[in-house]
Each structure stands twice: as C-alpha cells, then as structure tokens.
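Values reported hereafter were calculated over all heavy atoms of this structure, with side chains retained and with hydrogens, waters and symmetry mates removed. Residues: numbered from 1 along the sequence shown.
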Amino acid sequence: MYPTPAYAIPNKAAAGPSRPALVLTALQKLALPVGAVLFDLLFWHERAGLNMLLYTVAVVVATVAGLPRYAPQWRSGYTWLLLAGTLLSAGLVAWHGSGAAVLACMASLACWLGYLNQPHLRLLSNALLTALANAGQVVVALPTLLRLPANVGEKVRRSWFYGRLLLVPLMVLFLFHVLFVVANPQYETLADHVLEVLAHWVESLFWHFSFAHVLFFVLGLALTAAALLIVPVHYFADRESRFAEFVQRQRNRVASFAVRQPDFRRREQRSLDLRKEYLVAVGLLGLVNVLLLVVNSVDINWIWFGFEREPGFDLTQFVHEGTYVLIFSILVAMGILLWFFRRNLNFYQPGLPVLRGLATVWVLQNVVLAVSVGLRNYYYILYTGLAYKRLGVCFFLLLVLFGLGTMLLKIWQRRSTFALVRLNSLAAYVVLLLLAAGNWEVWIARYNLRPQLISVDYGFLLNMPDRVLPTLQAHAAELEQHRLKHQLYDGSYSRLSAVEARATLQQRIGQFKRQQKQRHWPSYTWADWVAYQLLK
C-alpha cells in the first residue's frame with residue numbers, strides 16, 4: 001500500500017487516548033486553507049452552477065497531485081470510472097444545473113474518494129460508506145491541527161517580559177499625546193480625524209461580521225478536509241472480502257477445516273434436505289409460472305395490441321395502482337429466486353436442469369410483465385403528458401430489466417448475490433448519470449405542449465426551472481389549443497385561461513431576467529445564459 005497522504009496517530013496531549021491527530025503533507029497544508037477559502041468564495045449565497053465544476057476540479061487536482069505514480073489507485077477500474085463520472089457530472093451541473101446533476105456530482109465525488117481510500121473495493125455502496133467514515137474521522141481529528149506548540153509557556157512568558165518593557169514607553173507616549181492635543185488645535189483636529197477613521201473601520205468590520213458566514217466557512221473547511229485528507233478505513237473492505245463472485249458449495253456440520261462454522265449440536269428435528277427443498281422450489285416455480293402465464297396473456301391481449309381508452313376509464317388507477325403492484329410482484333419474484341439459488345441447490349445435479357428451466361421461464365415472464373408495466377406508463381404519458389415520476393418509472397423499468405438479466409446470470413453461472421448487487425449498483429450509477437445528462441424539463445415542456453395533447457397541466461410547466469422559459473414563450477401563441485389547468489394546494493386541479501397563463505409566464509420571464517442580472521458568476525449555468533439571450 002502506498003503511503004497515505006494523511007495519517008491518524010494517537011494524540012497524547014488530547015483529552016483521551018483514542019482521539020486521533022492528523023499529520024499533513026506540505027501540499028495538504030497549502031491545499032486545505034486554500035480549498036476552504038475557495039469553497040466560501042464560490043458557494044456563499046450562491047446556487048450550484050459553475051462553482052460546482054470549479055470546486056470539484058480543484059479537489060480532484062489537489063488529491064491526484066498527492067498520489068505517487070505507483071499507487072494502486074491508478075490500476076483500479078472503479079477509480080477511473082468514478083473519476084470520469086465525477087468530472088462529467090460536475091460539467092453537467094455547470095451546463096444546466098439540474099438537481100439530478102448535483103446529486104450525481106456529490107455521489108460520484110464521494111464514491112471516488114472512497115475508492116481512493118480503499119482501491120480494491122468492488123461495491124459502490126461500500127465506497128460511499130468508506131468515504132463517509134473517512135470524513136467522520138477527519139472532522140473529529142480536525143481540531144488537533146489547532147494544537148499549541150510544546151513550548152507555548154516559554155513564549156508566553158517571553159512576550160509578557162517584552163510587554164512590560166514597552167509599558168513605560170507607551171504610557172509616556174500617551175502623556176505627550178494628551179499634552180499636544182491640549183496645546184495644538186491642528187494636532188487635535190488631525191488626531192480626531194484619525195480616531196474617526198479607526199472607529200468607522202471597526203464599526204464596518206463588526207457590521208459585516210456574520211455568525212452564519214463563519215459557520216459556513218467552517219463547513220467549507222470540514223468538507224475540504226474530508227475530501228483532501230485520507231485516513232485509511234479498512235472496515236468495509238474487510239467485510240467485503242468475505243464475499244465471492246460465485247456461489248460456493250457448503251458442507252456444514254461436519255468435522256472439516258473447510259467449514260467456517262461447523263455445527264455439532266444435537267438437533268431434535270431434522271431440517272429439510274436438498275431434495276425436499278428442490279421439490280418445494282419446483283412446485284412453487286411451476287404454479288407461479290402458470291399463474292403468471294394467465295396474467296401475461298390477459299395483458300398482451302388487452303394492452304399490447306389495439307389498446308383504446310374507453311369513456312369513463314380510470315386511467316389513474318390503471319397506471320398508479322396497477323404499476324406499483326406489478327413492480328412489487330417482480331421484486332418479490334427476484335427475491336424468491338435469490339432465496340432458492342443462494343446455496344447448494346445450485347449443485348443438485350439430478351434436478352438442476354428442470355429447476356433452471358422453470359426459473360428461466362419465470363424470469364422471462366417477468367420480463368413480459370415489465371414490458372406490460374412500461375406500456376401502461378406509455379399510455380398514461382400519451383394521454384396525460386410527461387412528468388418526473390413517469391420518467392422515473394421508465395428508468396426504474398430499465399433497472400428492473402437489467403436486474404432480471406443478472407438473475408439469469410445467477411441461475412446459469414452460479415453467480416452470488418454479492419455479484420448481483422455489484423452489477424446492479426453499477427447499472428444504477430449509470431442511470432443516475434443518464435438522468436443528470438438529460439435536459440428533461442425542456443423535453444417535458446416540448447412534449448406536453450404538442451397539439452395532440454388536449455389537457456395540459458400548465459402550472460406544472462410554470463414551476464419548472466428557468467431554462468424552460470424560452471420553450472414556454474415559443475408556444476405561448478398556441479395555448480388556446482389546449483385545456484389548461486394548474487394544481488391547487490389541496491391536490492385538486494383548477495381551470496386556467498390562456499390569458500392568465502400568458503400573464504403568469506411574463507411574470508416568470510421578468511423575474512428570471514432580474515435574477516439573472518443580479519447573479520454572480522459562480523452561479524452561472526450555460527442553459528440559463530442561453531435562455532437569457534433568447535428572452536432578451
């Protein structure tokens with residue numbers, strides 16, 4: 001292991017033997033205060049935008065500069081993946097500043113710092129927990145950087161000695177100052193002016209003093225220290241090392257050194273042997289396959305081909321309740337398969353082909369069920385328009401399909417649950433980057449304002465970020481073609497006339513122009529700048 005940039009060592013002067021103390025390199029001693037000041041300048045009273053990109057790049061450069069060329073981090077594929085994701089998501093924050101991009105940037109940076117701490121980690125969740133544990137230890141040990149030198153008592157005594165020597169000259173100086181003030185009016189005027197300037201400077205200093213700003217600076221210092229200082233955290237790496245990529249055959253309750261925890265206790269009741277567990281699995285998979293075949297047949301006949309919305313049909317119940325129940329059933333199915341294929345049933349040769357066949361059919365039928373859920377969501381979008389949750393269902397179904405594909409890997413390749421968690425966590429991270437990369441609000445506005453959609457929730461569109469305003473302005477002349485509405489506080493909807501919608505839109509545009517003029521450069525985003533130029 002390469003020498004870590006920051007060490008946690010026992011601090012004998014601290015009020016406890018277990019309290020760590022930090023020893024910093026020369027680069028960290030320079031980067032820590034500079035990073036804290038940079039955080040304060042970029043984020044105080046500013047929103048996420050260009051400042052997120054600049055601060056992230058500064059942290060990455062300062063951290064990478066402290067790594068030696070032979071460090072194992074350079075040979076870790078996860079480290080490079082998270083580094084690319086961190087820079088990409090930070091650039092996306094500066095591009096359009098969406099909440100998904102901010103979340104992706106923070107999650108990517110935290111996981112990347114976790115892999116810098118323990119480069120042999122495989123789970124993204126463990127990397128995130130490692131980074132959080134490192135941050136906790138660094139923040140706890142941060143006050144030790146302010147410890148006084150060992151010879152502070154001698155320096156205080158020496159300062160008091162020289163202070164007493166200067167006391168008599170200062171008293172004499174003050175006496176002559178009083179005499180000159182009384183004797184010379186010009187000197188008195190000059191002295192009053194100097195005192196007035198000093199008083200004004202002190203008053204302005206305390207006037208601009210903000211306790212909240214001090215706390216914000218301390219927060220920036222803590223976050224910068226958590227990002228730049230590395231204290232090795234081995235707990236999650238040690239826990240992860242116990243899990244393998246493939247299922248291992250286990251022979252418990254026998255006298256063998258290969259068994260981790262043999263059980264020699266007398267058992268009053270016999271447990272189900274492998275054949276009985278196999279019969280239970282075959283019976284369950286066979287019955288559920290028949291039931292799921294009926295459900296899929298109904299969905300294919302009803303939804304897949306020639307679906308028409310009948311008058312009075314409750315589309316909300318059709319999508320919301322039906323979609324949630326079907327997704328829950330898919331997750332339960334995946335959990336059952338994980339249970340049956342967790343151990344030695346993967347090695348039961350007499351019935352393994354039948355068991356694998358039934359499990360594969362069940363997985364494929366769940367794929368059909370997921371497609372049916374996607375079609376329900378598609379029809380809901382077609383008749384009512386796009387929204388955040390409906391997009392979320394689409395991306396969640398992508399993860400479900402990927403998870404079902406990994407279930408096939410587990411069934412046929414004897415993959416472990418750990419391997420499935422690793423693969424699906426990577427897929428979830430890729431989906432998060434996709435959500436951060438999309439300009440979803442503009443696409444939602446364009447889709448919902450198409451002429452084919454009669455009823456439009458225009459209040460939802462007006463509450464979107466400022467980068468949507470040019471799109472709304474471009475379709476302002478077509479509002480009479482739609483039946484506009486907006487949601488009230490109690491969740492119900494109210495009609496909205498085209499005149500009221502245009503007036504509200506103009507208010508939003510005017511407010512955006514005023515805010516854009518008042519914003520400082522750290523809060524700039526490319527999308528807002530383009531929107532401002534289009535609306536000028």
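For the pair His96 (side chain) and Ala436 (backbone), a donor-acceptor distance under 3.5 Å is present. With Thr56 contributing its side chain and Ala90 its backbone, the two residues share no donor-acceptor pair below 3.5 Å. The backbone N or O of Thr25 lies less than 3.5 Å from a partner atom in the side chain of Gln28, making a donor-acceptor pair. Of the possible donor and acceptor atoms, one in the side chain of Trp74 sits under 3.5 Å from a partner among the backbone N and O of Pro68. Judged by distance alone, the side chain of His482 and the main-chain N or O of Leu453 form a donor-acceptor pair under 3.5 Å. Proximity of a side-chain donor or acceptor of Thr63 to a complementary backbone N or O of Val60 within less than 3.5 Å is not detected. Between the side chain of Thr79 and the main chain of Arg75, no donor-acceptor pair closer than 3.5 Å is present.
Residues Thr224 and Tyr55 have side chains that bring a donor and an acceptor to within less than 3.5 angstrom of each other.
Residues passing the side chain to side chain contact (heavy atoms under 4.5 Å, CB included) test with Tyr378, sequence neighbours excluded: Leu382. For the salt bridge (charged side-chain N to carboxylate O under 4.0 Å, His left out) test, residues two or more places apart in sequence or in another chain that qualify with Asp466 are Arg508, Arg519. Under the side chain to side chain contact (heavy atoms under 4.5 Å, CB included) criterion, Val139 pairs with Ala222, not counting sequence neighbours. Partners of Tyr235 under the side chain to side chain contact (heavy atoms under 4.5 Å, CB included) rule, at least two apart in sequence or in another chain, are Arg239. With sequence neighbours excluded, no residue forms a salt bridge (charged side-chain N to carboxylate O under 4.0 Å, His left out) with Glu46. Remark: Ala474 pairs with no residue by the side chain to side chain contact (heavy atoms under 4.5 Å, CB included) rule, at least two apart or across chains.
For the side chain to side chain contact (heavy atoms under 4.5 Å, CB included) criterion with Tyr78, the lone passing option out of His120, Gln73, Arg422 is Arg422.
You'll find the side chain of Leu67 reaches within 4.5 Å of the side chain of Leu116, heavy atoms only. You'll find the side chain of Tyr458 reaches within 4.5 Å of the side chain of Leu479, heavy atoms only. Side-chain contact between Tyr115 and Leu124 is present, with heavy atoms from C-beta onward closer than 4.5 Å. Annotation: side chain of Val431 is not in contact with side chain of Phe396 (no heavy-atom distance under 4.5 Å).
The aromatic rings of Phe216 and His213 lie tilted to each other, with the angle between the two planes from 30° to 60°.
Other residues, nucleotides and ligands contribute only 12 or fewer heavy atoms inside 6.0 Å of the CH2 atom of Trp95. In this structure, Trp526 places its CH2 atom where only 12 or fewer heavy-atom neighbours from other residues, nucleotides or ligands lie under 6.0 Å away.
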Might you work through the side chain to side chain contact (heavy atoms under 4.5 Å, CB included) test for Asn134 and Leu113, ending with a clear yes or no? CA-CA 9 Å; Asn134 174 81; Leu113 293 174; over 6 Å; no

Under the side-chain hydrogen bond (donor to acceptor under 3.5 Å, both in side chains) rule, what do Thr525 and Arg467 come out as? Steps first, then yes or no, please. CA-CA 10 Å; Thr525 62; Arg467 59 182 179 273; over 6 Å; no

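Between atom OG of residue Ser108 and atom CG of residue Leu92 there is a gap of 10.0 Å, rounded to the nearest 0.5 Å. To the nearest 0.5 Å, atoms CZ (Phe460) and CG (Asn448) are separated by 7.0 Å.
Taking every heavy atom of both residues into account, Met52 and Ala48 meet most closely at CE-CB, 4.3 Å.
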